[in-house]
Amino acid sequence: MKRQLILEDGTVFLGEAFGGDVEKIGEVVFNTGMTGYQEILSDPSYCGQIVTLTYPLIGNYGINRDDFESINPAIAGFVVKETAELPSNWRNQLSLDEYLKMKNIPGISGIDTRKLTRIIRKSGALKGALCNINKDANEVVSQLKATVIPSNQVKQVSTKAPYSSPGRGPRVVLVDYGMKHGILRELTKRGCDVVVVPYNVTAEEVMQYHPDGVMLSNGPGDPKSVHETLEMIRTIQTQVPLFGICLGHQLFALANGADTAKLKFGHRGSNHPVRDLRTGKVSITSQNHGYTVEELSIENTDLIVTHTALNDDTIEGLRHKKYPAFTVQYHPEASPGPEDANYLFNEFLQMIEAATNKGEKTCQNALI
Ligand SMILES: NC(=O)CC[C@H](N)C(=O)O
């Protein structure tokens, strides 16, 4: 069966339909990763987006039980050059087509994904529609131009109620703005006693869990559409060590008086070099973001830039001058991609230990 991908600039791609038999509209973005399509399609940060992969063959190792970043993928659609109809892998449980059919997510294959990517790189992220071939392109373009991308993506993907992932280590409250499972995995494998809370949690509610640290997760959409969380961040950062990733990084910046802006087409892939300004060390990082913290807006704040992107000098890491709080724009949990930056989770645990010992010393001093 044929399917169309129509862009708001009037470009039409005709390809083969796979996955769900449903029409979808969304922002069309591209990811240059050569592997990790299962993690990409299940990353809640892509909520409502039509995701194009530039690597030509997708689905060749199928879909397995383990490599999901959420239980219910939130992408609007999937665009690939070629789908593998006969996946081969010892962990394979079902094909990409079968999985996307099960989740009713439309896909299109057999189109020139590199041409599509060059259009997005030249024009910036565009709205697009995956639709049946009987749809008139001009009518769809008019509909696309009139479409306003909703701004409640975080509310769509955040947990509706707190839940715990018990451990015997430090208590970490993980604020779920659209959390990738990879972040939770990195905390639990370090023995943390994690409580995952909804995005709109208050500082008082967070402190009721007596956390040793707080994590701000990744998540979809414009960071400025999650303004209700900023007061919580401003309060919590004065109480316990804080670590933020991607959207969590952007929200930490906004909470501390900096500003964010939309990138032309974003950073999405597994080979983005980032320099740690403290050591000069370069990590190859996994990235998936369409917004960035504005460098000039850091002036007159209590924030210090700790990492920058080698490709375009954009901010990739921040820390607070006064409080034990730091964030990165990229994904140290990988899932997918390189694990060069995984050490940042150890730095977070060390920060928690230092704060706890300091607290104990304070208590000991008080007892003397
Ligand atoms: N992965 C993320 O957390 C993405 C952050 C934000 N939604 C952006 O696109 O920049």
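Please read these numbers as outputs of a predicted model, since none were measured by experiment. Ligands are counted one by one from 1 in listed order, and the atoms in each one are counted from 1 as well.
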**Q.** side chain to side chain contact (heavy atoms under 4.5 Å, CB included) partner of Leu7, the single match among Val12, Ile50, Val140, Leu116
**A.**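 Of Val12, Ile50, Val140, Leu116, side chain to side chain contact (heavy atoms under 4.5 Å, CB included) with Leu7 is met by Leu116 alone.
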Q) Taking Lys321 as the fixed residue, which of Thr301, Asn256, Ile304 is the one that meets the side chain to side chain contact (heavy atoms under 4.5 Å, CB included) rule? A)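 When side chain to side chain contact (heavy atoms under 4.5 Å, CB included) is applied between Lys321 and each of Thr301, Asn256, Ile304, only Ile304 qualifies.
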Q: Could you pull out every protein residue that has a heavy atom closer than 4.0 Å to ligand 1, ordered by chain and then number?
A: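 Around ligand 1, where the cutoff is 4.0 Å for heavy atoms, the contacting residues are Ser45, Asn218, Gly219, Pro220, Gly221, Cys246, Leu247, Gln250, Asn288, His289, Gly290, Tyr291, His331.
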Q. How would you list all residue pairs meeting salt bridge (Lys or Arg N to Asp or Glu O under 4.0 Å) that involve residues 154-164, not counting sequence neighbours?
A.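 Passing the test, one end in residues 154-164: no pairs.
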Q | Phe345 six-ring face occupied by Lys189 cation (under 6.0 Å, within 45°) | A |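 Not flagged: Lys189 not positioned over aromatic ring of Phe345.
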Q. Is the ring centre of Tyr37 less than 6.0 Å from the ring centre of Tyr99?
A.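 No, ring centres 6.0 Å or more apart.
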(Q) If you define the side chain from C-beta out and look only at heavy atoms, does anything of Gln329 sit under 4.5 Å from Val274? (A)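 Sidechains of Val274 and Gln329: no contact.
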